[in-house]
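Have a look at the structure below, then the notes.
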Amino acid sequence: MARARCLMDEHTFTHNFPNHKRTRKTYLCYEVEILCGDSGLPPDEDKGFLCNKGADQPGLPCHVELYLLERIRSWNLDRKLHCRLTCFISWTPCGTCARKLAEFLKENSHVSLCIFASRIYSLHDYEAGLRTLQEAGAQIAIMTFKEFKHCWETFVDHQGRPFQPWDELDVNSQGLSKELQAILQTRQN
DNA sequence: ATTTTCAAT
């Protein structure tokens with residue numbers, strides 16, 4: 001029996017995804033696409049969203065990217081089929097998570113990863129991490145109006161309401177995009 | 001309890 005896919009609460013989206021905010025939570029929406037084949041995934045499990053576990057919650061904290069890897073592995077996808085994974089994430093991966101994603105991509109050549117991020121998480125070794133992830137084949141870009149609208153329409157329980165952009169959406173997106181390009185174009189030493 | 005980046009102070 002098909003069960004309804006869990007949608008993100010409207011306020012979760014409007015509090016966490018806008019690119020003029022800085023939040024202590026990180027949300028990640030994903031879509032899986034199997035090229036030339038059936039994923040074998042149950043209906044409605046090819047799209048979903050995840051959130052990190054913060055230091056304010058019981059147990060060990062965990063960045064959302066690690067939950068994503070856990071989930072991908074749980075699908076046991078056919079390695080003979082090419083899987084395209086698209087993620088929309090409120091912060092770019094930290095250096096450690098970026099390296100773990102890169103390692104996963106190297107070990108799983110049947111999976112390609114495309115990341116759209118709202119904001120750039122810029123602490124510690126984030127720049128080298130993002131470059132490592134790109135070198136492992138991931139595409140990394142900043143979310144634009146198109147991606148925010150797509151997320152709203154695809155993952156949010158919007159009750160029929162249309163996506164409402166905020167004032168600084170385009171300006172921030174363009175600025176962050178330039179910043180990301182500069183990071184990714186820098187040569188590693 | 002406060003702060004303004006997946007907490008840290």
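A note on names: the letters A, B, ... follow the listed sequences, proteins ahead of strands, and every chain is numbered from 1. Because the structure is predicted, anything quoted here is derived from the model rather than measured.
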Atom CG of A:Asn16 and atom C1' of B:dC6 are separated, to the nearest Å, by 11 Å
Using nucleotides 2-4 of chain B, report all nitrogen or oxygen pairs with the protein that are shorter than 3.5 Å.
{"residue": "B:dT3", "atom": "O2", "partner": "A:Arg24", "partner atom": "NH2", "Å": "3.1"}

Applying side chain to side chain donor-acceptor pair (under 3.5 Å) to A:Thr86 and not counting sequence neighbours gives none
Atom CG of A:Asn19 and atom P of B:dT5 are separated, to the nearest Å, by 15 Å
Atom CG of A:Asp56 and atom C1' of B:dA1 are separated, to the nearest Å, by 15 Å
Sorted by number, residues from residues 89-98 of chain A placing a heavy atom under 4.0 Å from DNA chain B are A:Trp91, A:Thr92, A:Pro93, A:Cys94
In whole angstroms, the gap separating P of B:dA8 from NZ of A:Lys25 amounts to 13 Å
A:Gln185 meets the side-chain contact (heavy atoms from CB on, under 4.5 Å) criterion, sequence neighbours left out, with A:Gln181
Rounded to whole Å, NE2 of A:His124 lies from P of B:dC6 at a distance of 8 Å
In whole angstroms, the gap separating P of B:dC6 from CD of A:Glu70 amounts to 21 Å
**Asked** What class does the angle between the rings of A:Phe13 and A:Trp152 fall in, given that below 30° is parallel, 30 to 60° is tilted and above 60° is perpendicular?
**Response** perpendicular
Review point. Is it the case that more than 12 heavy atoms not belonging to A:Arg84 sit under 6.0 Å from its CZ atom?
Key: no
Stems with DNA chain B, 3 or more Watson-Crick or G-U pairs in a row (under 3.5 Å), are none
Query raised in the report: Do A:Asp56 and A:Arg24 meet the salt-bridge criterion of a basic N to acidic O distance under 4.0 Å?
Result: no
I would like to know whether A:Phe148 and A:Trp166 meet ring-ring contact (aromatic ring centres under 6.0 Å, His included); could you show each step before the answer? CA-CA 11 Å; A:Phe148 286 118; A:Trp166 47 95; 4.9 Å; yes
A quick test of your reading: do over 12 heavy atoms of other residues, nucleotides or ligands sit less than 6.0 Å from CD of A:Gln139? no
TODO: Mark yes when over 12 heavy atoms from residues, nucleotides or ligands other than A:Lys21 sit less than 6.0 Å from its NZ; otherwise mark no.
DONE: yes
Whole-Å distance, A:Leu28 CG to B:dC6 P, equals 16 Å
Practice task
May I ask you to decide if the ring planes of A:Trp75 and A:Tyr30 are parallel, tilted or perpendicular, using 30° and 60° as cut-offs?
Solution key: tilted
Apart from A:Tyr121 itself, its cluster of hydrophobic side chains linked below 4.5 Å comprises A:Trp91, A:Leu123
With ring-ring contact (aromatic ring centres under 6.0 Å, His included) as the test, would you mind laying out the steps for A:Phe116 and A:His150 before giving the verdict? CA-CA 11 Å; A:Phe116 291 96; A:His150 173 74; 9.0 Å; no
Rounded to whole Å, the CG-C1' distance (A:Leu130 to B:dC6) equals 14 Å
